[in-house]
Number of protein chains: 2
Amino acid sequence: MAATRDRIIAATNELFRRGGYNGTSLRQVTDAAGAPTGSLYHFFPRGKAELAEAVITETGASYLELFELFAAATSDPGAAVGAFFDGAAETLEQSDYIDVCPIGTVAREVANTHDRLRGAADRVFSSWIESLGKHLEAAGLATTEATALAATVVAALEGSFVLARTRRNADVVRHTGNHMRSLVDAQLRDAHNRAQVNVGRGR
Amino acid sequence: MAATRDRIIAATNELFRRGGYNGTSLRQVTDAAGAPTGSLYHFFPRGKAELAEAVITETGASYLELFELFAAATSDPGAAVGAFFDGAAETLEQSDYIDVCPIGTVAREVANTHDRLRGAADRVFSSWIESLGKHLEAAGLATTEATALAATVVAALEGSFVLARTRRNADVVRHTGNHMRSLVDAQLRDAHNRAQVNVGRGR
DNA sequence: GTCTATACCAAGATAGAC
DNA sequence: GTCTATCTTGGTATAGAC
């Protein structure tokens with residue numbers, strides 16, 4: 001049996017993916033985790049907000065790891081991006097379309113009301129963008145271009161989750177992934193062409 | 001003074017953009033609208049869910065109209081898309097980063113819990129995708145390509161709102177808009193090139 | 001660290017006078 | 001159509017024994 005704290009985190013993660021922050025009660029959490037209220041407040045003395053912050057931070061780190069696995073499998077960032085979208089689509093279909101990512105839902109709910117949670121989500125998104133950005137740089141993009149493109153990919157990923165869950169069909173995630181892949185490929189091609197021209201000019 | 005029903009809808013729209021569905025109480029709505037509980041239940045007998053459904057449907061229709069205005073201003077869909085993102089970025093900055101769109105937030109919150117609201121959001125997103133898709137078809141894309149690309153643009157739009165609100169900076173919306181614009185331009189170019197080749201081959 | 005009971009408050013919804 | 005009072009439920013959080 002997993003440690004109590006881990007069960008609480010895992011249960012909250014899944015409940016947030018289904019119902020979001022305000023839509024999930026601590027009663028649901030303790031029931032799903034099989035843990036009493038006392039334990040919850042033992043591990044998270046500041047209550048729901050502290051629990052949510054832990055879920056955001058820890059889930060964010062595990063998704064970062066997951067993306068790094070995809071990226072490590074190839075030197076082609078476009079392929080890694082496409083594969084990541086395809087994996088997310090699969091997850092959606094196998095989970096009755098509960099959100100793939102608790103962070104996007106919660107971030108959108110609390111961005112104007114819980115500044116601490118907003119900050120935690122901000123750090124997570126930034127870590128993802130930085131990671132993808134590094135890979136895009138390694139493949140030939142300038143830093144500014146790489147970061148902006150990485151942010152677009154993350155935005156498209158999060159947005160495609162909204163559409164897929166709303167229509168209960170994950171194909172939009174796959175199509176969006178394909179589009180992101182061609183966008184990445186095109187930008188890399190442009191960068192290489194510019195580099196070629198400069199070489200031709202003796203730069 | 002606007003009619004009571006209109007004030008209730010407008011107040012709810014703004015409150016949803018700030019705090020989402022579960023994060024907004026009917027007390028907040030009646031306070032902001034300056035309307036008593038009795039009036040709210042007079043216009044929306046099934047309560048909060050019915051009110052939310054009306055907000056989604058009516059806001060969705062007004063954003064559709066707004067996009068059609070942008071699209072009517074030019075025969076270049078890429079330009080219309082870019083301008084729409086820029087306008088949204090402006091709105092975010094001027095509103096303390098409350099969401100541009102109450103529908104995306106609410107859709108993500110209730111997709112697994114309120115099927116009626118999910119359905120209403122689905123119809124709205126579909127109407128946007130269909131509208132943009134038509135313009136992309138008119139510019140030369142095949143129907144399937146046009147619909148898929150339109151969905152990607154809507155996904156990127158919604159996703160960029162999440163990132164922008166989370167980091168309290170709307171530049172990501174502008175950058176995403178630029179990327180969507182180049183994506184649209186590239187796909188239209190490809191379609192035209194394919195058409196040219198076919199002409200060259202005497203098709 | 002765990003458990004139960006409970007305090008306290010805000011939520012959505014309803015009733016019935018006007 | 002409007003207004004106020006109120007019902008009921010469920011929310012977060014705490015207390016204190018074990």
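B/Leu51 has its CG atom 15 Å from the P atom of C/dA11, to the nearest Å. Spacing between atom OH of B/Tyr21 and atom P of C/dG12 amounts to 8 Å, rounded to whole angstrom units. Here the P atom of nucleotide D/dT12 and the CG atom of B/Asn22 are 11 Å apart, to the nearest Å. Atom-to-atom, CG of A/Leu40 to P of D/dT14 comes out at 12 Å; the value is rounded to the nearest Å. Rounding to whole angstrom units, CG of residue A/Asp31 and C1' of C/dC3 are separated by 14 Å. When the P atom of C/dG12 is taken as reference, atom NE2 of B/His114 falls 11 Å away, rounded to whole Å. One interatomic measurement links the two molecules: CZ of A/Arg27 to P of C/dC3, which rounds to 15 Å at whole-angstrom precision. Atom C1' of nucleotide C/dG1 and atom CZ of A/Arg7 are separated by 12 Å, given to the nearest angstrom.
At a threshold of 4.5 Å between non-hydrogen side-chain atoms, the residues A/His114 and A/Glu109 do not count as touching. Side-chain contact between B/Glu58 and B/Ser62 is absent, with no heavy atoms from C-beta onward closer than 4.5 Å.
Among the atoms of the strands shown, base atoms are found under 4.0 Å from some heavy atom of B/Gly38. Here A/Thr30 lies out of heavy-atom contact (under 4.0 Å) with every strand.
Put simply, the residue from A/Arg17, A/Arg108, A/Arg165 that forms a salt bridge (Lys or Arg N to Asp or Glu O under 4.0 Å) with A/Asp99 is A/Arg165.
OP1 or OP2 of C/dT14 has not a single side-chain nitrogen or oxygen of B/Thr37 nearer than 4.0 Å. OP1 or OP2 of C/dA11 lies within a sub-4.0 Å distance of a side-chain N or O belonging to B/Ser25. Listed pair A/Ser39 / C/dT2 meets the phosphate criterion, a side-chain N or O lying under 4.0 Å from OP1 or OP2.
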Pair up each side-chain donor or acceptor in residues 70-89 of chain B with any protein partner under 3.5 Å, not counting sequence neighbours, and list the distances.
residue, atom, partner, partner atom, Å
B/Thr74, OG1, B/Asp76, N, 2.8
B/Asp76, OD1, B/Gly78, N, 3.0
B/Asp76, OD1, B/Ala79, N, 3.3

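Closest to the A/His42 side chain, of the nucleotides C/dA13, C/dT2, D/dT14, is C/dT2. In the set D/dT2, C/dC3, C/dA11, the nucleotide with an atom closest to the side chain of A/Pro36 is C/dC3. Set against D/dT12, C/dA13, D/dT2, the side chain of B/Lys48 has C/dA13 as its closest nucleotide. Here C/dT14 is the nucleotide among C/dT14, D/dT4, C/dC3 with the atom lying nearest to any side-chain atom of B/Tyr41.
A residue-by-residue look at A/Leu26 and B/Ala35 shows that B/Ala35 has its nearest nucleotide of DNA chain D further toward the 5' end.
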TODO: Assess whether salt bridge (charged side-chain N to carboxylate O under 4.0 Å, His left out) is satisfied between A/Arg7 and A/Glu14, documenting all intermediate values.
DONE: CA-CA 11 Å; A/Arg7 292 203 319 278; A/Glu14 186 159 336; over 6 Å; no
